[in-house]
K.L.:
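After the structure tokens below, expect a handful of questions from me.
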Amino acid sequence: MRIVKLSGETKKSILEDLLKRSPNHYSGYEATVNEIIETVKAKGDQALFDYTLKFDKYALSAENIKVTREEIEEAYTRLDAGLIEVIKASAENIRAFHAKQLRNSWFDSKEDGTILGMKITPIAKAGVYVPGGKAAYPSSVLMNVIPAKVAGVSEIVMTTPPGADGKVNPGTLVAADIAGVNTIYKVGGAQAIAALAFGTESIPKVDKITGPGNIFVALAKKAVYGYVSIDSIAGPSEILVLADETANPRYVAADLLSQAEHDELASAILITTSEELAAQVSVEVDRFVAQLSRKEIMTKSLDNYGYILVADTMQDAIDAVNEIASEHLEILTKNPFEVMTKIKNAGAIFMGEYASEPLGDYFAGPNHILPTNGTAKFFSPVNVDDFIKKTSIISYSREALEKVHKQIEVFAESEGLTAHANSVRVRFED
């Protein structure tokens with residue numbers, strides 16, 4: 001990996017490089033995506049059948065669009081029993097973690113008859129998109145579905161593309177069943193997002209769409225936002241390791257490659273105050289790349305978006321971490337908890353040499369659907385709050401309103417909204 005001295009100029013250059021990977025730069029595909037969405041809105045199921053035959057080479061119909069219970073049971077037989085138990089254990093960890101995020105409605109009353117509060121209500125229908133083929137990730141099924149179940153969503157619909165044989169990845173089906181999906185449809189791509197957003201004869205319209213996907217899926221989610229809610233428009237995966245001289249270079253190298261293997265656009269960055277560690281990590285990365293199976297992908301990822309940055313001080317390193325606002329941040333320093341208190345922007349923080357990033361991807365419990373491309377400065381991981389609505393509650397007695405009605409009238413009239421003022425004034429007419 002290339003080793004670069006951290007400076008204001010190198011930081012600016014790297015940030016510009018990373019932001020080029022954002023879905024906001026995929027405008028060349030927008031016309032195609034918009035055409036797919038409009039076709040689904042106009043033709044409903046028939047558009048889904050046509051696109052599935054074109055893109056997935058499978059003859060979809062009203063009779064086979066929905067995954068049957070028999071297909072789910074068959075998926076269990078195609079999956080290793082040990083893996084099924086791991087998925088169940090992971091699901092329980094995810095459920096327990098997200099249960100701690102639950103909120104209750106609250107009300108605050110005063111003696112003068114004022115009642116203010118917040119009513120918490122789960123959304124009615126959630127739609128989950130799951131990629132198919134080589135990009136099938138049962139772990140992402142759990143991360144999307146379980147927070148919705150914990151929030152109390154009554155209907156969870158999942159779409160995922162079928163193979164040319166009409167089958168769905170067995171891991172995806174088993175994870176969906178364990179997580180509690182109500183219905184699964186064999187539809188992928190931008191057409192699936194359109195179906196979830198607007199509804200067809202077979203697929204119901206939902207209130208929110210979550211889940212990762214390719215460029216077309218990302219742009220489709222962006223296009224339907226406002227008709228439905230979405231989780232985020234995810235960019236390529238990224239990891240940033242913040243380390244000092246106490247870090248194990250072999251661990252650091254292994255963790256950087258855990259994200260570099262995702263795809264050629266993934267970013268893997270080490271920021272360290274130790275030149276010696278920087279050199280050792282570079283050597284270890286080369287050794288691992290030579291041994292691991294996704295060598296070509298990792299090499300391209302590191303060539304494009306892999307950096308080892310050497311900082312003069314830990315504060316300089318922390319400042320760069322907060323500017324980059326990485327999806328995954330590992331802190332491998334002498335006192336990671338102290339450093340963590342100074343981190344403002346990161347999707348998820350992993351502290352200490354035994355909290356490697358895949359722990360969060362698969363098993364610990366916190367959600368692995370995280371903000372990317374610097375959006376950790378203002379977005380959060382998927383959580384229970386994504387699947388609830390908050391409604392304000394206001395009730396005043398005549399006595400309480402009488403104390404403040406003239407103030408309200410003054411405020412309304414200052415904005416030229418005389419009917420607003422009148423709405424309060426009429427209640428105190430002689």
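Just the heavy atoms: all of them, side chains too, but no hydrogens, waters or symmetry mates, feed the values below.
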K.L.:
Out of curiosity, Asp231 CG to Lys221 NZ, how far, rounded to the nearest 0.5 Å?
P.N.:
3.5 Å
K.L.:
Does Asn373 reach the main-chain N or O of Leu18 with its side chain, forming a donor-acceptor pair under 3.5 Å?
P.N.:
yes
K.L.:
Restricting to non-hydrogen atoms, name the atom on Glu238 and the atom on Pro371 that form the minimum distance, rounded to 0.1 Å.
P.N.:
OE2-O, 4.5 Å
K.L.:
Roughly how far, to the nearest 0.5 Å, is the CD1 atom of Ile184 from the OG1 atom of Thr68?
P.N.:
9.5 Å
K.L.:
Just checking Gln291: does its CD atom have more than 12 heavy atoms from other residues, nucleotides or ligands closer to it than 6.0 angstrom?
P.N.:
yes
K.L.:
Under the side chain to side chain contact (heavy atoms under 4.5 Å, CB included) test against Lys186, which residue among Thr159, Thr160, Thr52, Leu60 passes?
P.N.:
Leu60
K.L.:
Any side-chain heavy atom of Asn104 within less than 4.5 Å of one from Ile120?
P.N.:
no
K.L.:
Are Glu327 and Ser267 side-chain neighbours, meaning at least one heavy-atom pair lies under 4.5 Å?
P.N.:
no
K.L.:
Calculate, to the nearest 0.5 Å, the distance between atoms NZ and CD1 belonging to Lys344 and Ile318 respectively.
P.N.:
11.0 Å
K.L.:
Would you say the side-chain atoms of Ser202 pair up with the backbone N or O of Ala62, donor to acceptor, closer than 3.5 Å?
P.N.:
no
K.L.:
Taking atom NZ of Lys390 as the centre, does the number of heavy atoms from other residues, nucleotides or ligands within less than 6.0 Å exceed 12?
P.N.:
yes
K.L.:
Is there a side-chain contact between Ser232 and Leu370 (heavy atoms, below 4.5 Å)?
P.N.:
no
K.L.:
Applying side chain to side chain donor-acceptor pair (under 3.5 Å) as the test, list every pair that has at least one member in residues 76-92; sequence neighbours left out.
P.N.:
Tyr76-Asp177, Glu92-Arg95
K.L.:
What verdict does the side chain to side chain contact (heavy atoms under 4.5 Å, CB included) test give for Glu30 and Lys222, after you've listed the backbone C-alpha separation in whole Å, the side-chain angles of each residue and the deciding distance to 0.1 Å?
P.N.:
CA-CA 10 Å; Glu30 285 181 346; Lys222 183 178 179 182; 4.1 Å; yes
K.L.:
How far apart are the C-alpha atoms of Val252 and Thr272, what are their side-chain angles, what is the distance that settles it, and do they pass the side chain to side chain contact (heavy atoms under 4.5 Å, CB included) test?
P.N.:
CA-CA 11 Å; Val252 174; Thr272 181; over 6 Å; no
K.L.:
What pair of heavy atoms forms the shortest contact from Leu302 to Val285, and how long is it?
P.N.:
CD1-CG1, 3.6 Å
K.L.:
Kindly determine whether Ser326 and Ile269 satisfy side chain to side chain contact (heavy atoms under 4.5 Å, CB included), including the steps that lead there.
P.N.:
CA-CA 9 Å; Ser326 186; Ile269 299 172; over 6 Å; no
K.L.:
Does atom OH (Tyr305) have a neighbourhood of more than 12 heavy atoms from anything else shown, all under 6.0 Å?
P.N.:
yes
K.L.:
Verify the neighbour count for atom CZ of Phe107: are there more than 12 heavy atoms of other residues, nucleotides or ligands below 6.0 Å?
P.N.:
yes
K.L.:
Can you tell me how far apart CG (Leu219) and OG1 (Thr32) are? Round to the nearest 0.5 Å.
P.N.:
9.5 Å
K.L.:
Where do Glu357 and Gln259 come nearest, in terms of heavy atoms and distance?
P.N.:
OE1-NE2, 2.6 Å
K.L.:
Please report the shortest heavy-atom distance between Ala151 and Pro122, naming the atom on each side.
P.N.:
O-CB, 3.3 Å
K.L.:
Evaluate the ring planes of His328 and Phe350, with Trp represented by its six-membered ring, and classify them as parallel (under 30°), tilted (30 to 60°) or perpendicular (over 60°).
P.N.:
tilted
K.L.:
Looking at Val384 and Pro147, what are the two nearest heavy atoms and their distance?
P.N.:
CG2-O, 3.9 Å
K.L.:
Report, as yes or no, whether the 6.0 Å neighbourhood of atom NZ on Lys377 holds more than 12 heavy atoms from other residues, nucleotides or ligands.
P.N.:
yes
K.L.:
Under 3.5 Å, side chain of His368 to main-chain N/O of Asp361, donor-acceptor pair present?
P.N.:
yes
K.L.:
Heavy-atom count check: over 12 atoms from other residues, nucleotides or ligands less than 6.0 Å from Tyr354 OH?
P.N.:
no
K.L.:
Determine, step by step, whether Thr391 and Lys389 satisfy the side chain to side chain donor-acceptor pair (under 3.5 Å) criterion, reporting the C-alpha distance in whole Å, the side-chain angles of both residues, the deciding distance to 0.1 Å, and the verdict.
P.N.:
CA-CA 6 Å; Thr391 305; Lys389 302 181 287 103; 4.9 Å; no
K.L.:
Step by step, work out the side chain to side chain contact (heavy atoms under 4.5 Å, CB included) result for Ile343 and Ile349.
P.N.:
CA-CA 9 Å; Ile343 302 301; Ile349 301 175; 3.9 Å; yes
K.L.:
Is it the case that over 12 heavy atoms from other parts of the model lie below 6.0 angstrom from the OH atom of Tyr58?
P.N.:
yes
K.L.:
Flag yes if more than 12 heavy atoms outside His420 fall under 6.0 Å of its NE2 atom; otherwise flag no.
P.N.:
no
K.L.:
Under a 4.0 Å N-O cut-off, is there an ion pair linking Asp244 with Lys334?
P.N.:
no
K.L.:
Say whether, by atom type as modelled, one donor and one acceptor occur between the side chain of Glu264 and the main chain of Lys300 under 3.5 angstrom.
P.N.:
no
K.L.:
Just verifying a value: how many Å separate Lys208 NZ and Ile156 CD1, rounded to the nearest 0.5 Å?
P.N.:
13.0 Å
